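Throughout, residue positions are numbered sequentially from 1 according to the sequence presented. Just so we're clear, the structure is a prediction, and the values are computed from it rather than from any experiment.
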Amino acid sequence: MASSSVTSTSIMSSMLHSPKRPSQGTRRKELMSKCSYGGGADFSSILNYSLSLSATRNLNSSKLAFEPCEGYYNSNLLSESLAFFGEKDFSFFGYKYVSNTRRQRQKDPTAHSGKTRPVAVQVAEEVTTNKRPLMKQRRVVVTGMGVVTPLGHDPDVFYNNLLEGVSGISEIEAFDCTKFPTRIAGEIKSLLTEGWVAPKLSKRADKFMVYLITAGKKALSDGGITKEVMGEIDISRCGVVIGSALGGMRVFSDGVEALRTSYKKMNPFSVPFATTSMGSAILAMDLGWMGPNYSISTACATSNFCILNAANHIIRGETDMMLCGGSEAAIIPIGLGGFAACGALSQRNSEPTKASSPWDINRDGFVIGEGAGVLLLEELEHAQRRGANIYAEFLGGSFTCDAYHMTEPHPDGAGIALCIENALSQSGVNREDINYVNAYATSTLTDLQEYRALIHCFGNNPELRVNSTKSMIGHLLGASGAVEAVATIKAIQTGFVHPNINLENPDAGVDMNVLVGPKKEKLDIKVALSNSFGFGGHNSSILFAPFK
C-alpha cells in the first residue's frame with residue numbers, strides 16, 4: 001500500500017484554518033443519525049453470526065451497542081470523517097478503508113488499475129518459509145488440589161459433603177444484616193490458618209488473600225511438594241496465576257471508613273491488600289517461585305481464565321508447574337448490599353438450605369458464597385519424573401465474549417455455545433466424548449441460557465449428565481470456577497457425580513434425564529466440561545479427563 005503524503009503538519013493546518021470544518025461531536029452525530037437498527041434472529045443464525053466474527057450488534061437486544069449502517073460505508077461520508085482525523089488507512093466495523101489521493105495515485109500507477117502489486121505476496125512467502133519448527137505438544141496434568149469452602153477445607157471432605165447433598169448455606173453471622181433483604185450466604189464460619197499463613201499476615205490481610213494462600217499451600221501439600229522436592233525443582237519455571245473478581249473489598253471498605261477521620265488512620269497496606277494480584281504475589285514470595293505471577297479478573301469467570309492461562313504457560317514450554325485458581329471474600333456489608341441493590345440475590349431467608357435451586361421454576365436469585373480453590377498443574381513428564389499422583393489431565397478450554405449486555409447473557413446462549421464449540425475444537429475433543437458437565441447454573445433466570453447451549457452442543461448424547469455445585473455452596477463469584485473444577489476432578493477420580501439439590505419443579509423444557517437427580521449417581525466419565533460465565537459477557541469452558 002502506498003504511504004500517505006499528507007503530513008501531520010498539513011493536517012493540523014487544515015484543522016486550524018478551515019472555518020467550515022464541523023466539530024468532532026457534530027460529525028459523530030451526523031454519522032450516528034444515519035444509522036438504523038436491525039432485527040432479531042434465531043439461535044442457529046445468531047451462532048453462525050458469532051462464528052463469522054462480526055462486530056455488529058442489534059440494539060434492540062443490547063443497550064450497549066449499535067449496528068453499523070450504510071452511511072458508515074459510504075465512501076464520501078467516510079472519507080470526510082477520516083480526513084478530519086488525518087487517517088488514511090483505517091479499520092471501522094471490520095471494513096478496511098484505504099484513501100487514495102491524487103498524489104498517491106501518481107506515485108502508484110497500479111492504483112485502480114486492476115493490477116496486483118507483488119510486495120504483499122513476497123512478504124507472505126517470506127513468512128511462510130520462515131516458520132518455526134513445530135514443538136512436541138506438552139501435556140498438562142493435575143497433581144494437587146486445595147480448597148477453602150462452606151462445605152470443608154479439604155477436597156475429600158468437600159466432595160463427600162457434595163455427594164451426600166449437604167448444603168453449606170446458612171444465616172450470615174459475620175455482621176448484622178437485619179436491614180438487608182438477603183440474610184443468608186455460603187459463609188465460611190471458621191478457618192484454621194496456622195501452619196499455612198503467617199499469623200501477622202492472617203490478621204492484617206483481606207480474607208480473600210488468606211483463603212488464597214491457604215488453598216494454594218494445601219494444593220502444594222496435596223501434590224507432594226515437600227521441602228525436599230522444593231529444593232530440587234527449578235523455581236524459575238514455577239508460577240502462580242490465582243485471581244479474584246472483587247479483591248480486597250473488606251480492606252478497601254475499612255480504608256474508606258478510616259478516611260472519614262483522616263488518611264493517617266488508614267491501614268498502610270490498604271492499596272496492596274486490596275489489589276487482586278497481591279494474593280498471587282505474596283504466595284509466590286513465600287514459595288520463592290519466580291515464574292509467571294499475576295491475576296486475572298473477569299468477574300465470575302475469573303478462575304477458569306486463570307486455569308487456562310496457567311496451563312498455556314506449561315504447554316508453551318515456559319513453565320513446568322503452576323498454581324492456579326481463584327479466591328473471593330465478598331460477604332461483607334458492601335458486597336451483600338451491592339448485589340442486593342441490583343436484585344440478584346435470593347431472599348428465601350427462612351429456608352437457607354433450599355435457597356439455591358438451579359433450574360427450579362421457583363428460584364429467586366443466587367446465594368452469595370466465599371472461599372478459594374487452587375489447582376497444581378504440572379507438565380506430564382515433570383510430574384512422572386518425581387512420581388507425582390495424577391488426578392486428571394487438563395485437555396484445554398476456550399474464552400468468548402457475548403458482546404451483548406453488562407449483566408445478562410445472550411438470550412439464546414449464543415456466546416456460551418460458541419465458547420463450548422471452541423473449547424472442543426481447540427482441545428481436539430469430540431462432542432460425543434463429553435458425558436459430564438459441571439454447569440455454571442447460579443439459580444437465576446439465566447440458567448436456561450446455559451441449558452439451551454448445552455442441549456445445542458450435546459443434546460444427542462444419551463449419557464450426558466449435568467449438575468450444579470452452586471446448589472449446595474452458593475455462588476463463590478471469582479472463586480466458583482476453581483472450586484467447581486475441584487468438584488469436577490473429584491467426580492473423575494471417584495466415579496460419582498454429586499446431586500442437584502432443591503430441584504423440585506424444573507423449568508418447562510428442562511429434561512430431567514439430562515440433569516442429575518436428588519441423589520449422587522455413578523458415572524464413568526470420559527471427558528468432563530466445567531463452565532463459568534461472568535458479568536460483562538465473559539464466557540469460559542475448560543475440559544478435564546481421566547489420565548491415561
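For R204, there are no salt bridge (charged side-chain N to carboxylate O under 4.0 Å, His left out) partners, not counting sequence neighbours. With sequence neighbours excluded, no residue forms a side-chain hydrogen bond (donor to acceptor under 3.5 Å, both in side chains) with S443. With sequence neighbours excluded, the residues forming a ring-ring contact (aromatic ring centres under 6.0 Å, His included) with F533 are Y440, listed by chain and number. Annotation: salt bridge (charged side-chain N to carboxylate O under 4.0 Å, His left out) contacts of E318 (sequence neighbours excluded): R316. Applying the salt bridge (charged side-chain N to carboxylate O under 4.0 Å, His left out) rule to D447 yields the partners R363; only residues at least two apart in sequence or on another chain are considered. Qualifying side-chain hydrogen bond (donor to acceptor under 3.5 Å, both in side chains) partners for D156, counting only residues two or more places apart in sequence or in other chains: K490. With sequence neighbours excluded, the residues satisfying ring-ring contact (aromatic ring centres under 6.0 Å, His included) with F399 are F305. Judged as a salt bridge (charged side-chain N to carboxylate O under 4.0 Å, His left out), and not counting sequence neighbours, E232 has no contacts. By the ring-ring contact (aromatic ring centres under 6.0 Å, His included) test, F394 pairs with F544, sequence neighbours left out. D206 is linked by a side-chain hydrogen bond (donor to acceptor under 3.5 Å, both in side chains) to nothing, counting only residues two or more places apart in sequence or in another chain.
S468 and N500 form no side-chain donor-acceptor contact under 3.5 Å, judged by distance and modelled atom types alone. A donor-acceptor contact closer than 3.5 angstrom is absent between the side chains of T275 and S277. Looking at N362 and S357, their side chains never bring a donor and an acceptor atom within 3.5 Å of each other.
No donor-acceptor pair under 3.5 Å is formed between the side chain of D402 and the backbone N or O of P409. In terms of modelled atom types and a separation under 3.5 Å, the side chain of T302 and the main chain of T298 share a donor-acceptor contact. At distances below 3.5 Å, at least one donor-acceptor pair connects side-chain atoms of E328 with backbone N or O atoms of A245. Between the side chain of E370 and the backbone N or O of I188 there is at least one donor-acceptor pair closer than 3.5 Å. With E450 contributing its side chain and A441 its backbone, the two residues share a donor-acceptor pair below 3.5 Å. When atom types are taken as modelled, the side chain of E351 and the backbone of K354 share no donor-acceptor pair closer than 3.5 angstrom. Formation of a donor-acceptor pair under 3.5 Å by the S280 side chain with backbone atoms of I242 is found in this model. With hydrogens and angles disregarded, no donor-acceptor distance shorter than 3.5 Å links the side chain of D320 to the backbone of R237. The main-chain N or O of S346 is found under 3.5 Å from a side-chain atom of T182 such that the two form a donor-acceptor pair. Under the 3.5 Å distance criterion, the side-chain polar atoms of D154 are left unmatched by any main-chain donor or acceptor of K218.
Judged as a side-chain hydrogen bond (donor to acceptor under 3.5 Å, both in side chains), the pairs with a partner in residues 169-178 (not counting sequence neighbours) are, in order, S170-K189, D176-T178. For residues 314-339, the pairs satisfying ring-ring contact (aromatic ring centres under 6.0 Å, His included) are F339-F366, with sequence neighbours left out.
When all heavy atoms of S356 and G474 are compared, the pair lying nearest together is OG-CA, 4.5 Å.
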For E257 and K265: C-alpha separation, side-chain torsions, deciding distance, then whether salt bridge (charged side-chain N to carboxylate O under 4.0 Å, His left out) applies. CA-CA 9 Å; E257 287 300 313; K265 297 293 183 181; over 6 Å; no

